[in-house]
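Here the structure is laid out as structure tokens; the discussion comes afterwards.
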Amino acid sequence: MIRRKKAAALTALVAALSLTAACGGGSDDGGKGKGSAGAGFDAATKGVVNVSDKKGGELKLWSPQDVDYLDPARAYYGFVWNLQRLYVRQLLAYDSKPGDAGTKLVPDLAEALPVLSNGGKTYTLKLKDGVKFEDGTPVTSKDIKYGVERVFAQDVLSGGPTYLIDILDQGQKYPGPYKDKAADKLGLKSVQTPDDKTIVFNLAKPNSDFSYLLAMPSSSPVPMAKDTGAKYTNKPLSTGPYKVTSFTAGKGATFERNPNWDPKTDTIRKGLPDKVSFTVTTNAEDMDQRLLSGDIDLAVDGTGVQDAAKIKILQNPKLKANADNPFTGYIRYMVFPQTVAPFDNVECRKAVIYAADPKSLQTARGGPTSGDLGANMLPPGIPGSDKAFDPYGLTAGKPQIDKAKAALAACGKPNGFKTTIAVRNNRKAEVKTAESLQAALKAAGIDASIDQYDGKLSSSTIGSPENVKKKGYGIIVMGWGADYNSGAGFLQPLVDGSFILPNGNNNYSMLNDPEVNGLFDKAADAPTPAEAAPFYTEINKKIMDKALYLPINFDKALVYHNPRLTNVYFNESMGKIDLATVGVVK
């Protein structure tokens, strides 16, 4: 759940967002405009590379990771949220601009930013004229309400973020539209649609984070008549410049122009390519070769090239000029479920942390270009973070076997123990980190086996606490980026006990600590984000003290893009090249 901040913070946030909204969408000039940059290493992290409004061609996207879901209510992978900028729209969206401007919210389906009333507890928005679904049906406020209600149907549509449930349920115990007893299936009381153009959200308490939730794909409109429940992920209806024309799980998808998208209503997206193809591969090295040869345009997962391609890029000035090494906003980490023995004992968890070889873990992910050595669980840039906070001495880069053995003795396992590391089989860098940890743990007497599971099944494999316990997954390899730029947006899904779910769970440690949960409450009550930040600092310290996580690195990626791409920049809200504006030179 997201706890609520005071109305004063809400008013300040909305005022700041209003200034951003006045700036409009992405650049529409045909040459080197303001904020543009020439090609060069890291140029796309500083401005827009190759600015153009030229239409046509096919944008070819590849990924070693399949989408989790195309359904906006269920998607939670960061790169899928980027893909969804092609075909779904929300009331608000992150601006399509480089730098800090890309973290600001602007109106999308809404005419303007929300109007606040009732002491900051009521958000009222009006929809733009002329917005339609791909079948030509006008988008109404009821479609948006229905889309929000679908999030409540976790028995059918698990996997996506669930912030809206706690904020909007307010004791109603709303079961979602599939079990809604109202004749129109719009029985969620806290959301009102007085007419087809107006939607009103009534919160129990002020919450300055609420605007960010309205920009998540889970707040996208869905027409009730076209909802197919769990199958909707195969053919979600578009409101963006492209529609899904084909999708095969494990293979890919094709997006073609949506004839009912009106660019006059959309300041976020350019809709330049005639077609966008998305291909899933099991061979990341082959994908890199195709990328460097110009056969494809972008590895859309955003995790960067593999080691062989990385060497080629860094040693070839021509290739390097079309590469970037951005901080992705993610932390790559290992986490210890407390439901799996002996990780119910904090000293056994500390033993793994001390036995790990941080430099080897960094090397396994690709060396220094893969990110800075991890030290804690709040990434740089999030208010309240402190990159220098390193309670386990991880940034020294060496295993600490004496401390590991002392921790083993303290947890009653002086001769070590056996455990299993769970890792996605389609993330080579993650597999390598699992192997690195496995080797390091042997020196302390800990015998770790590795279970490589199908990465596209994360939600039901490591996201199922029951399955984690059944499989004996004592260590899970994963990564996480903020849902939005606050301590709550990063940490709450990971460590707030109310976020534990039977499927699609991200609180892998199964932490449900009243003190930690209470600190989120205190942060929510702070009048400003700056005053909330110290509470997130304290949460970070407490979870590190509990030894629930082994941070690997503050993640960076060496990302190469085809030089034929236009309007290339990294949107800081996603840490990825923004697909909303990218075009191709035919």
Side-chain angles (χ1 to χ4, degrees), residues 303-304 325-336 343 346-404 406-407 421 429-430 432-434 436-437 440-441 444 475-482 485-495 506-509 511 516 519 523 533-557 575:
T303 58
N325 192 205
F327 171 58
T328 67
Y330 278 70
I331 292 180
R332 303 294 171 181
Y333 63 82
M334 297 183 179
V335 56
F336 314 115
F343 294 106
V346 64
E347 295 297 333
C348 285
R349 301 195 294 268
K350 287 181 179 180
V352 172
I353 295 174
Y354 284 127
D357 183 339
K359 192 67 178 178
S360 173
L361 289 171
Q362 183 193 52
T363 300
R365 285 207 59 86
T369 58
S370 71
D372 301 330
L373 289 175
N376 61 75
M377 284 301 293
L378 198 56
I382 299 290
S385 65
D386 179 4
K387 191 176 180 181
F389 173 54
D390 185 12
Y392 296 101
L394 298 174
T395 56
K398 299 177 181 179
Q400 302 169 73
I401 299 302
D402 289 344
K403 289 184 177 181
I421 304 172
E430 292 184 0
K432 286 184 176 181
T433 57
S436 166
L437 184 65
L441 292 181
I475 304 171
I476 294 172
V477 184
M478 210 32 172
W480 189 254
N485 195 45
S486 80
F490 186 87
L491 283 173
Q492 207 158 17
L494 300 183
V495 298
N506 292 293
N507 185 343
Y508 304 120
S509 75
L511 179 67
V516 170
L519 285 169
F535 294 108
Y536 299 127
T537 302
E538 189 173 353
I539 292 170
N540 187 27
K541 289 181 178 179
K542 286 190 177 298
I543 61 175
M544 290 305 297
D545 185 59
K546 294 177 184 294
L548 299 168
Y549 290 88
L550 167 59
I552 299 172
N553 65 15
F554 297 123
D555 191 60
K556 290 183 177 181

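Reckoned from all heavy atoms, side chains included, excluding hydrogens, waters and symmetry mates. For reference, positions follow the sequence shown, starting with 1.
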Report task. Determine, step by step, whether Asn376 and Lys387 satisfy the side-chain contact (heavy atoms from CB on, under 4.5 Å) criterion, reporting the C-alpha distance in whole Å, the side-chain angles of both residues, the deciding distance to 0.1 Å, and the verdict. Result -> CA-CA 7 Å; Asn376 61 75; Lys387 191 176 180 181; 5.6 Å; no
Query raised in the report: Between Leu511 and Lys546, does a side-chain contact (heavy atoms from CB on, under 4.5 Å) hold up when you go through it step by step?
Result: CA-CA 10 Å; Leu511 179 67; Lys546 294 177 184 294; 4.0 Å; yes
Report task. Check step by step if side-chain contact (heavy atoms from CB on, under 4.5 Å) holds for Val352 and Leu441. Result -> CA-CA 7 Å; Val352 172; Leu441 292 181; 4.0 Å; yes
Report task. I would like to know whether Leu373 and Leu394 meet side-chain contact (heavy atoms from CB on, under 4.5 Å); could you show each step before the answer? Result -> CA-CA 7 Å; Leu373 289 175; Leu394 298 174; over 6 Å; no
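Contact between Ala356 and Ala440 at its shortest, heavy atoms only, is CA-CB, 4.2 Å. Of all the heavy atoms in Ala557 and Pro326, the pair that sits closest is O-CD, 3.0 Å. Shortest non-hydrogen contact noted between Ala533 and Pro383 is CB-C, 3.8 Å. Here the shortest heavy-atom pairing between Ala482 and Ile382 reads CB-CD1, 4.0 Å. When every heavy atom of Pro399 is checked against every heavy atom of Ala355, the shortest pair comes out as CB-O, 3.5 Å.
Rounding to the nearest 0.5 angstrom, the gap separating the CG atom in Leu519 from the CD1 atom in Ile539 is 5.0 Å. Atoms CH2 and OH, on Trp480 and Tyr330 in that order, are 8.0 Å from each other to the nearest 0.5 Å. Note that OG of Ser509 and CD1 of Ile543 are 8.0 Å apart. Values are rounded to the nearest 0.5 Å. Note that CG of Asp357 and CD of Gln362 are 10.5 Å apart. Values are rounded to the nearest 0.5 Å. Within the model, atoms NZ of Lys556 and CZ of Arg365 stand 14.0 Å from one another, a figure rounded to the nearest 0.5 Å. Within the model, atoms NZ of Lys350 and NZ of Lys403 stand 10.5 Å from one another, a figure rounded to the nearest 0.5 Å.
Contact check for Ser385 versus Tyr536: no side-chain heavy atoms found under the 4.5 Å cut-off. Here the side chains of Tyr549 and Tyr508 are not in contact, with every heavy-atom distance at 4.5 Å or above. Taking 4.5 Å as the limit, every side-chain heavy atom of Ile331 sits out of range of all side-chain heavy atoms of Asp555. Using a 4.5 Å heavy-atom cutoff, the side chains of Asn553 and Leu361 are not in contact. Here the side chains of Lys398 and Lys359 are not in contact, with every heavy-atom distance at 4.5 Å or above. With contacts defined as side-chain heavy-atom distances shorter than 4.5 Å, the pair Leu550/Arg349 does not qualify. Between Leu494 and Asn507, every side-chain heavy-atom pair lies at or beyond the 4.5 Å cut-off. In this structure, Pro379 and Phe490 have side chains that are in contact, with non-hydrogen atoms separated by less than 4.5 Å.
Note: Phe554 and Phe327 fail the aromatic proximity criterion, with ring centroids not under 6.0 Å apart.
Of the possible polar contacts, one joining the Asp390 side chain to the Thr395 backbone as a donor-acceptor pair under 3.5 Å is found.
Under the 30°/60° scheme for interplanar angles, the aromatic rings of Tyr392 and Tyr354 are found to stand perpendicular.
Under the side-chain contact (heavy atoms from CB on, under 4.5 Å) rule, Met334 has a single partner from Thr433, Ile353, Ile476, which is Thr433.
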